[in-house]
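Side-chain atoms are counted along with the backbone in the values below, which use heavy atoms only and exclude waters and symmetry mates. Chain identifiers are assigned alphabetically (A, B, ...) following the order of the sequence lines, protein sequences preceding nucleic acid strands; residue numbering begins at 1 within each chain.
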Amino acid sequence: MAARRANRMTALAATLAVAAMVGASFAAVPLYRIFCQVTGFGGTTQVATQVAAQVAAQVAAQAAAQAAAGDGAAGARGGRWITVSMLGNVNNSLPWSLVPRKPKITLRVGENALVTYRATNHGARTVAGVATFNVTPHKAGPYFVKVECFCFSRQTLKPGESVDMAVSFFIDPRLARDRKLDGVTDIALSYTFFRAPEADFRAPEADQGQDLASAGRTPPAPGRGPARAGPER
Amino acid sequence: MSTATEQATPPNGADHKPRGMGRWLFSTNHKDIGTMYLIFAVVFGLVGALFSVLVRMEMAAPGIQVMNWLFFLGEPNQVFNVLITGHGLIMVFFMVMPALIGGFGNWFVPLMIGAPDMAFPRMNNISFWLLIPSALLLVGSIFVDGGPGVGWTVYAPLSTVGAPGAAVDMAILSLHLAGASSILGAINFITTIFNMRAPGMTLHKMPLYVWSVLVTAFLILLAMPVLAGAITMLLTDRNFGTAFFDAAGGGDPVLYQHLFWFFGHPEVYILILPGFGIISQVVSTFSRKPIFGYLGMAYAMVAIGFVGFIVWAHHMYASGLDVDTRAYFVAGTLVIAVPTGIKIFSWIATMWGGSIRFATPMIFAMGMIFLFTLGGVTGVVIANAGIDIAVHDTYYIVGHFHYTMSMGALFGIFTGFYYWIPKMTGRPYSELLGKIHFWLLFVGVNLTFFPMHFLGLAGMPRRIPDYPDAFAGWNMVSTLGSYISVLGTAVFLVLIYKMFRSKERVGANPWGEGATTLEWTVPSPAPFHTHQTPPRS
């Protein structure tokens with residue numbers, strides 16, 4: 001009897017291990033997303049929790065403190081200039097085009113910038129799209145901070161409609177103090193629009209039909225307002 | 001035996017052996033289930049080999065040849081990919097694992113630790129019989145909707161949006177069943193090895209083959225559920241509108257690669273570790289010496305198993321990992337060469353100064369050590385991300401993993417076969433045919449796979465049935481090599497046939513002095529029930 005009990009306990013422990021690993025494999029889905037957001041892995045950009053000026057002030061204060069402590073070399077020297085190139089791609093399941101209004105801008109770290117992309121629906125139907133995004137080089141991901149972005153939520157375009165979609169961002173001044181980013185003078189900001197799953201936008205389309213019709217072809221506000229802010233990314 | 005039969009004979013004979021089909025269908029006997037696993041492995045080994053020969057025939061010359069004969073299966077490039085997918089999955093799940101773990105494991109783990117049977121005999125029966133529907137689903141999928149041409153890795157998005165039709169769903173369900181089968185088997189082995197050893201046999205006195213099965217069982221226990229999770233996500237992405245691996249819905253196809261290789265890398269050690277265990281038994285037996293560095297050998301396998309779980313992304317250097325991540329995975333991967341090196345050197349040290357007999361199992365074991373080392377050396381080369389990016393998805397990789405898997409694992413299986421078949425059948429086999437089999441196979445596989453390194457370095461990509469004329473020469477050599485291996489396999493089948501026709505019988509221990517483990521203390525063939533009273537050491 002003792003042997004049978006021992007067998008059962010061993011088998012039970014092994015079964016628990018199997019269950020835990022199945023659980024872990026599904027838990028990997030949210031964990032992987034959180035990991036990318038936190039570390040900027042794969043060029044995942046950051047979402048602003050403070051405005052650029054606050055960050056800049058903090059960094060300056062830190063630098064001053066370090067300079068006072070005699071660690072002058074570590075301080076951020078002035079504002080470093082970074083050139084940001086805008087790239088737009090559309091998955092071929094979506095009959096859209098996505099063209100940046102300006103191909104590139106040059107700005108100082110800590111400086112707020114607003115850039116726009118022109119998105120046009122060339123298809124004959126109202127379609128919703130979702131944009132994925134990252135920056136290259138990937139190691140700049142943790143320092144690329146978005147204040148507001150059309151990629152935070154799903155965008156819907158009527159047939160033939162064109163809108164300007166805005167991104168407001170700044171580059172964290174701490175970039176200038178990370179030795180691994182010393183050689184970085186150019187950052188490419190890339191978006192790819194995918195077709196949003198049909199089921200997800202069909203239902204709201206019915207409610208918004210009138211709304212969209214009255215809105216006509218006027219470009220909507222950047223990010224289409226806080227009311228439609230999507231899941232945090 | 002004679003005293004047992006003189007007592008009142010029960011209806012099923014002295015050993016209560018069930019008669020007819022019921023003995024096999026409802027079997028709870030570890031030897032019968034092991035036998036069924038071995039027959040299953042031989043049958044599907046031949047099917048997998050047929051697939052690979054068709055692939056080599058196609059690759060013998062530039063252009064499309066053989067795939068045109070298989071027009072009834074679909075478009076030539078798709079058929080080619082279906083064949084390599086089928087070859088890979090069959091060899092992994094329906095040949096190597098059933099042979100090394102289900103077959104030899106079931107037969108010899110209880111015999112070697114002095115247990116009367118496995119801990120859960122009926123679960124053992126389920127483990128085997130789950131494999132049959134699994135194999136039928138996979139083979140059946142080839143004839144449905146153009147077949148599963150997605151590679152054994154089943155990468156999304158090719159396996160989600162890129163492969164509509166029921167074939168990939170069938171392949172996924174087949175993997176689910178094979179995974180469930182091996183998880184149940186792993187629980188059984190762990191329980192048996194932990195709780196049912198003969199008195200006096202501590203973990204540190206267990207034969208190394210039992211150690212290898214124990215480590216393998218833990219790898220299965222922890223890796224297989226992750227595969228089950230990943231392919232379940234594939235299934236729901238394909239059929240129920242989820243977006244785990246679909247960027248449009250907020251998913252990420254690279255996550256599939258992470259999940260797959262978190263299973264896939266331990267899986268390659270699941271395939272090779274039992275082979276390591278068999279080689280240890282055989283080298284020790286035929287050198288007539290105890291294994292050199294027993295504890296080091298056991299814990300080297302534990303170390304390989306552990307490190308095997310934390311190096312998975314070396315399969316994904318080309319997926320855009322950043323430089324720090326690559327540095328970690330390069331270093332981790334190189335570390336695996338240390339415990340593996342301990343094993344290789346300990347085998348050589350066991351042979352050193354031994355009284356070596358070059359019997360068939362021993363030459364297969366030495367062949368395995370040689371070939372696995374070669375595959376290990378190319379493994380150290382491609383562990384380096386900088387080189388791997390250049391040869392990723394080329395024939396260099398195909399050459400590398402066939403040296404470790406096709407030759408390491410396969411030669412391990414044949415080593416075990418020639419070592420233990422006299423114990424299983426009670427009959428001797430032809431040493432001459434065994435040696436001819438070895439030399440044909442050894443020459444054949446080297447001719448097949450060594451040129452693949454040249455082709456890969458020259459840039460020839462995997463998974464494509466056509467290639468530029470510049471690659472024609474070595475591809476022809478490679479194909480001729482595969483024909484020699486087929487000849488070797490024919491010799492193997494003749495050897496089996498002649499063995500079963502043989503009227504000769506062998507004693508309990510045909511190998512003599514060096515064979516010290518418990519399976520050689522019971523008669524040959526091993527009776528239906530063994531170790532009913534625990535042996536004393």
Side-chain angles (χ1 to χ4, degrees), chain A residues 2-33 35-36 39-44 91 93-94 128-134 136-141 154 180 192-200 230-231 233, chain B residues 115 118-120 123 157 161 179-180 182-184 186-196 217-218 220-233 236 241-256 258-260 262-263 266 309 319-325:
Chain A
R4 277 188 84 150
R5 200 178 137 73
N7 283 359
R8 276 211 199 117
M9 292 311 289
T10 313
L12 185 69
T15 311
L16 286 178
V18 171
M21 289 311 287
V22 172
S25 70
F26 281 92
V29 177
L31 288 178
Y32 182 70
R33 183 175 301 145
F35 170 75
C36 291
T39 59
F41 190 80
T44 307
N91 180 272
S93 65
L94 193 64
V130 186
T132 62
F133 49 88
N134 76 343
T136 319
H138 291 168
K139 58 188 174 184
R154 167 171 292 129
K180 285 198 323 200
T192 304
F193 257 109
F194 288 86
R195 193 189 197 96
E198 294 270 329
D200 289 4
R233 308 198 98 204
Chain B
M118 297 287 284
F120 305 107
M123 194 164 87
V161 292
S182 54
I183 289 172
L184 292 179
I187 294 174
N188 218 337
F189 279 117
I190 290 172
T191 312
T192 308
I193 294 171
F194 275 157
N195 296 341
M196 296 174 66
F218 271 103
I220 291 174
L221 201 67
L222 300 176
M224 239 6 129
V226 179
L227 173 74
I231 59 179
T232 304
M233 291 178 214
T236 60
T242 58
F244 288 108
F245 309 127
D246 179 8
D252 187 346
V254 178
L255 174 63
Y256 178 78
H258 280 291
L259 288 174
F260 180 83
F262 187 83
F263 145 79
F309 271 105
S319 71
L321 301 177
D322 71 46
V323 69
D324 293 346
T325 316

Proximity breakdown for [X] and chain A, heavy-atom pairs closer than 4.5 Å:
X: B/D324; result: side chain
X: B/F120; result: side chain
X: B/V323; result: neither
X: B/M224; result: neither
X: B/T325; result: side chain

Side chain / backbone / both / neither for [X] at chain B, heavy atoms under 4.5 Å:
X: A/K180; answer: side chain
X: A/A24; answer: neither
X: A/Y32; answer: side chain

What's the shortest heavy-atom distance between [X] and [Y], and which atoms?
X: A/N91; Y: A/T192; result: N-CG2, 4.2 Å
X: A/A196; Y: A/R154; result: CB-NE, 3.4 Å
X: A/P30; Y: A/A27; result: CD-O, 3.2 Å
X: A/V22; Y: B/P225; result: CG2-CB, 3.4 Å
X: B/A119; Y: B/N188; result: N-OD1, 3.5 Å

Practice task
Dump the intermediate steps for side-chain contact (heavy atoms from CB on, under 4.5 Å) on A/R33 and B/D252, then the final yes or no.
Solution key: CA-CA 9 Å; A/R33 183 175 301 145; B/D252 187 346; over 6 Å; no
Practice task
Can you label the angle between the B/F262 ring and the B/F309 ring as parallel, tilted or perpendicular, going by 30° and 60°?
Solution key: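 Because their plane-to-plane angle lies in the 30° to 60° range, the rings of B/F262 and B/F309 count as tilted.
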Taking every heavy-atom pair that is under 4.5 Å apart, which of [options] has the most such pairs with chain A?
options: B/L255, B/D322, B/V226, B/I187; answer: B/L255
options: B/L184, B/L259, B/I190, B/L222; answer: B/L222
options: B/G241, B/G229, B/A217; answer: B/G229

Handout entry: B/T236 (side chain) donor-acceptor with B/T242 (main chain) under 3.5 angstrom
Key =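 Side chain of B/T236 to backbone of B/T242: no pair is present.
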